[in-house]
Structures are given as structure tokens and as C-alpha cells.
Amino acid sequence: MQVLYKSTRGKEELVTASTAILKGLSKDGGLFVPVTIPKLDVPMEKLAQMSYQETAYEVMSRFLTDFTEEELKDCINKAYDSKFDTEAIAPLHEANGIYFLELFHGATIAFKDMALSILPHLMTTAAKKNQVKNEIVILTATSGDTGKAALAGFADVSGTKIIVFYPKHGVSPIQEKQMVTQKGANTYVIGITGNFDDAQTAVKKMFNDKELAEELDQAGYQFSSANSINIGRLVPQIVYYVYAYAALVKEGKIKAGDKINVVVPTGNFGNILAAYYAKQMGLPVNRLICASNENKVLYDFFRTGVYDRKREFILTSSPSMDILISSNLERLIYRLTGENAEKCAELMQSLSNGGEYAITDEMKEKLSDFYGNYCSEGETREAISATYYGCDYVIDPHTAVAAGVYQKYVRETQDTETPAVIASTASPYKFTRSVMDAISDRYAGLDDFALADALEKLSGVKIPKAVEEIRTAPVLHDKVVDAPDMPAAVKEILGIQQA
């Protein structure tokens with residue numbers, strides 16, 4: 001069965017998966033969604049015997065139906081190889097009866113590697129399929145992890161350039177060092193003086209700027225996105241939830257058909273949306289537990305039905321979740337409206353113009369799959385400390401937000417029977433200061449790399465290559481601009497004359 005894609009705002013024609021991946025964003029500003037979510041029609045007992053790569057093919061082939069078997073398997077094999085430091089690609093770690101799905105074994109030690117290792121291959125394959133002659137310019141805003149993972153994925157990939165904008169004072173020192181030391185003749189990294197939402201808003205404006213698109217086309221370029229709004233990012237993320245469930249069946253922790261809870265720390269909503277799509281495919285998921293940090297815009301939405309970005313932006317120890325505009329939520333809103341593109345567009349316009357929107361009671365009733373809560377900075381530190389001292393396992397602040405919220409869920413619902421999988425989205429080595437401060441106050445005077453050495457001794461887990469490599473790497477990208485100057489910076493990189 002062919003799966004086609006349409007815009008959440010409804011004005012664009014149906015397109016193939018490869019076209020949706022190339023475009024990134026629909027012309028009307030909407031996000032591409034599958035017309036139907038395919039069923040997972042492979043028996044779980046069979047999936048339980050599969051490698052990560054084989055599972056990826058079974059899941060992704062159901063969504064990316066205009067890719068041939070050979071094309072898709074080639075993309076998968078190029079993505080999930082020795083770049084990952086474990087054959088399992090996404091192993092499960094059991095701690096105190098909870099299963100932590102470790103999504104940080106790739107080149108940049110964060111979950112974004114899971115999708116951004118394959119996106120460049122999907123995109124270049126899609127470009128060939130659609131006879132694209134222009135060079136593809138990947139334009140991305142990052143709150144910390146997407147940027148480096150996208151840079152690593154697209155570095156020196158022929159026919160592409162990648163430009164990453166990040167909030168200069170809104171990422172961890174390790175995250176920043178990873179980006180500004182990135183090699184590759186086609187890579188560009190620019191800090192901005194605003195926050196992530198400023199960067200994301202400016203990037204979306206550039207995507208929707210028809211005059212800029214014409215200027216690019218004349219110069220032989222076209223934009224595409226590596227942000228989580230690209231369906232080519234979302235589909236690979238569905239895979240690891242299916243793989244985790246199958247692994248629990250294989251290990252005899254659950255029987256096929258048993259329900260699990262999935263706990264996801266999220267700011268932009270893409271990672272938990274992938275779990276929601278996995279449930280729609282037929283994966284036996286009980287509740288989707290949405291964990292927020294102090295920028296608790298999603299928690300408030302699930303509680304009240306009102307999405308309101310008009311609030312103070314808080315810099316936290318979990319910066320990848322420091323987001324007030326959760327772009328991927330639009331895909332869920334579209335489903336809640338009964339796939340009413342006009343209503344979805346109206347709500348998004350309301351968010352753009354007035355900074356908020358409210359869903360109807362009928363739409364709110366359809367949110368029963370979800371549970372939302374948040375962790376304060378103090379509760380995040382407590383979760384890191386409790387997990388280390390209670391289970392001898394070190395988690396990063398984002399994973400700690402999820403662990404803390406899961407405990408709140410259990411206390412509120414008394415649901416102690418359903419097994420829980422927590423998406424562990426980053427290595428503790430990416431946030432050494434926050435992690436070590438939570439464990440003990442005796443590391444206060446150390447720099448970030450000395451902290452990494454201390455963490456290695458403490459945890460018994462070897463310092464990842466991604467951290468060792470940047471210790472002495474030279475800074476290659478040091479440009480900083482104000483958010484309104486981002487389009488001019490892009491034109492300068494591409495050699496397009498300023499008006």
C-alpha cells in the first residue's frame with residue numbers, strides 16, 4: 001500500500017515520502033503527515049529476533065513506500081554502522097525495574113543521532129529519485145543536540161550544504177564545543193544572540209519566504225530541513241520504540257501484547273510524537289508520559305487544553321528542552337481536529353499572532369493517551385542523585401526530567417504494574433557539570449573536561465570518543481549574529497548578493 005503525505009494546513013497536494021523529505025516543510029507552512037498511519041503487520045515474535053537494522057527496514061518501509069527495498073536498506077546500512085559504539089544501536093539498561101532506552105550511542109552522544117545518521121542518505125536518495133539539480137541547503141535551528149548531529153550527518157555529503165543556528169548562551173559548553181569544532185567544507189555554524197525559539201522562528205520565516213526561494217533557485221540552491229519537523233526525521237524515531245518493545249519480549253521481560261508505558265523528555269514534541277505514531281501502528285503502549293522541564297508549556301497544555309507561549313523563557317540544565325514553541329505538536333493537533341486542516345491552520349495562526357490557542361473539550365478528550373508533568377531544576381538534580389545512589393547508574397539532566405516525571409505519574413495513578421521504558425536522550429558526558437553537581441559538591445572547581453575524567457572514574461563508563469575528540473580541537477566557527485540578521489548570514493554563505 002502506498003503511503004502519501006499531506007500538509008497539516010491542507011493547501012498542498014498529496015506528495016510522496018521522498019518529496020516530503022526533500023521539502024521539509026509544506027508551502028503553506030504546515031507539516032507533512034501520512035494520509036494513513038500504516039499498521040505494524042509483522043508478528044512481534046519475529047521482530048524480537050531482528051537486529052536494529054532489520055527492525056528499521058520493517059518500520060520505515062511501511063512509511064517510505066516510494067523508496068525501493070534496495071534504496072532503503074542501503075540508507076539504513078550506511079546510517080547504523082560503526083558510528084555507533086554498540087552493536088545493539090539502542091540498548092536497554094534496567095535500573096530499579098525501569099528500562100532506560102539508551103539513545104546516545106551514536107557519533108554525537110545524543111538521541112538526535114538515531115534519525116540524523118540516516119536523514120542525509122534518505123535526502124540524497126530522494127533528490128536522485130526526483131531529478132533535483134539544485135544543491136540542497138540544510139537550514140537548521142538547534143537547542144543543542146540537533147545541530148551537532150545534523151552537522152555530523154551532512155558533513156562532506158556531496159550536493160549539500162548545512163547551516164546551523166544556535167543560541168549563543170543557551171547550550172552547554174560541551175554542546176557548543178561539539179558544534180564550533182565541526183569539520184567539513186560544507187558546514188557552517190552561527191551563534192545568535194537570542195534563544196532557540198528566536199532561531200526556530202527565523203528559520204521557519206526563511207522557509208516561507210518566496211522571494212528568497214527564487215533567489216536561491218537562481219543561484220542553484222534550495223532549502224531543506226533537518227529539524228524534527230522533517231518527516232525524514234520522525235519516521236526513523238518510530239523504529240527505536242518498536243525495537244525496545246521487541247527487545248523486552250526477547251528478554252522475557254514482557255509477553256507479546258503486554259502494554260508498556262513510554263516516558264519521553266520533550267520540548268519540541270517530535271520524540272514523543274514518534275512513540276504516539278508507534279502506538280497508532282499497533283505497538284501495545286498504555287500511556288505516553290510527556291516530561292517537561294521548567295519551560296512547562298506542554299504540561300500546561302495537557303492540563304488545561306490551552307497552549308500559551310507567552311511566558312518567561314527559562315534556561316535550565318536540560319537545554320535541549322528549553323523550548324516554548326513545540327513545532328511537532330501541530331501534527332498531534334491536526335489529528336485531534338479530526339484531520340481538519342482549516343481548523344489546524346486557524347489554531348497555528350492564533351499561536352503565531354497572539355501567542356496562544358485553546359483546543360475544544362472534544363479535542364481534549366482525545367488526549368487520554370497522554371500524561372503530562374514537569375520537573376523543577378531541584379527535582380531534576382534529585383532524580384540524577386537518586387538514580388546514581390539507588391541504582392549505580394548515571395543519567396543526564398534530560399533523562400532525569402523523564403525519571404522524575406515518571407515517579408510523579410506512579411504516585412498520581414498508582415500504576416506500578418505496567419513496565420516503563422524511559423527514552424534516555426543524551427549521554428551524561430554531554431552535561432558533565434550538571435550531572436556531577438547533582439551527585440556531589442566536591443567537583444565544583446573542575447572544568448568540563450576534568451569533570452568528564454571524574455565522571456569516568458565514578459561511573460566506570462569510558463569517556464565517549466565524541467568528548468575526547470573535542471578536548472583539543474580548534475574552533476572553526478565563531479560567527480555570532482542577531483536573529484533578524486540570520487537571512488543576511490545565509491545569503492553571505494551562499495554568495496547571494498544582498499539587496
Side-chain angles (χ1 to χ4, degrees), residues 86 90-106 108-114 143-146 149 171-172 174-175 237 240-241 244 260-272 274-275 288-296 298-299 316-323 372-410 419-439 452 455 458-459 461 464 466-467:
T86 169
L92 283 167
H93 180 97
E94 187 175 354
N96 205 21
I98 300 165
Y99 301 99
F100 288 85
L101 177 59
E102 294 186 344
L103 301 173
F104 52 75
H105 288 275
T108 75
I109 58 175
F111 84 99
K112 307 291 172 77
D113 289 323
M114 301 300 296
S143 56
D145 287 336
T146 287
V171 299
S172 81
I174 296 277
Q175 284 178 313
Q237 290 180 279
Y240 45 73
Y241 294 111
I260 63 167
N261 288 324
V262 176
V263 193
V264 188
T266 188
N268 218 357
F269 206 73
N271 202 8
I272 196 164
L288 296 150
I289 299 171
C290 178
S292 301
N293 65 15
E294 286 185 356
N295 291 290
K296 54 188 177 67
L298 286 167
Y299 163 64
T316 72
S317 59
S318 47
S320 298
M321 297 158 67
D322 290 347
I323 291 170
N373 216 317
Y374 79 102
C375 273
S376 68
E377 284 290 88
E379 289 168 332
T380 303
R381 280 193 297 276
E382 279 169 31
I384 293 170
S385 175
T387 307
Y388 172 66
Y389 289 109
C391 313
D392 197 26
Y393 184 55
V394 182
I395 56 176
D396 92 293
H398 302 76
T399 309
V401 167
V405 164
Y406 175 62
Q407 295 306 328
K408 291 184 179 187
Y409 166 80
V410 171
V421 170
I422 290 180
S424 185
T425 54
S427 164
Y429 280 102
K430 206 152 193 172
F431 303 94
T432 48
R433 187 163 304 284
S434 299
V435 168
M436 298 305 274
D437 282 353
I439 289 171
L455 178 54
L458 189 88
S459 66
V461 175
V467 174

In terms of the angle between their ring planes, are Tyr374 and Tyr299 parallel, tilted or perpendicular, with boundaries placed at 30° and 60°? tilted
How long is the gap from [atom1] on [X] to [atom2] on [Y], to the nearest 0.5 Å?
X	Y	atom1	atom2	answer
Lys408	Glu379	NZ	CD	3.5 Å
Asp392	Asn96	CG	CG	12.5 Å
Ile272	Gln237	CD1	CD	11.5 Å
Asn293	Thr316	CG	OG1	4.0 Å
Leu101	Phe111	CG	CZ	11.5 Å

Applying side chain to side chain contact (heavy atoms under 4.5 Å, CB included), run through Leu458 and Met436 and close with a yes or a no. CA-CA 9 Å; Leu458 189 88; Met436 298 305 274; 4.1 Å; yes
For Ala149, does its backbone N or O pair with a side-chain atom of Asp113 as donor and acceptor, under 3.5 Å? no
Quick one: does any side-chain atom of Tyr388 pair with a main-chain N or O of Val435 as donor and acceptor, under 3.5 Å? no
Which one of Arg433, Arg381, Glu377, His398 satisfies the side-chain hydrogen bond (donor to acceptor under 3.5 Å, both in side chains) criterion with Ser317? Glu377
Considering only heavy atoms from C-beta outward, does the side chain of Lys430 approach that of Gln175 to under 4.5 Å? yes
Quick one: are Ser143 and Pro319 in side-chain contact, heavy atoms under 4.5 Å? no
Please step through side chain to side chain contact (heavy atoms under 4.5 Å, CB included) for the pair Tyr241 and Val264, ending with a clear verdict. CA-CA 11 Å; Tyr241 294 111; Val264 188; 3.5 Å; yes
Could you walk me through whether Tyr429 and Leu455 pass the side chain to side chain contact (heavy atoms under 4.5 Å, CB included) test, one step at a time? CA-CA 8 Å; Tyr429 280 102; Leu455 178 54; 3.8 Å; yes
Can you name the closest pair of heavy atoms from Leu92 and Ala244 and give their distance? CD1-O, 3.6 Å
Could you go step by step and tell me if Thr380 and Ser318 meet the side chain to side chain contact (heavy atoms under 4.5 Å, CB included) rule? CA-CA 9 Å; Thr380 303; Ser318 47; 5.6 Å; no
Let me know which of Asn295, Asn268, Leu298 forms a side-chain contact (heavy atoms from CB on, under 4.5 Å) with Ile323. Asn268
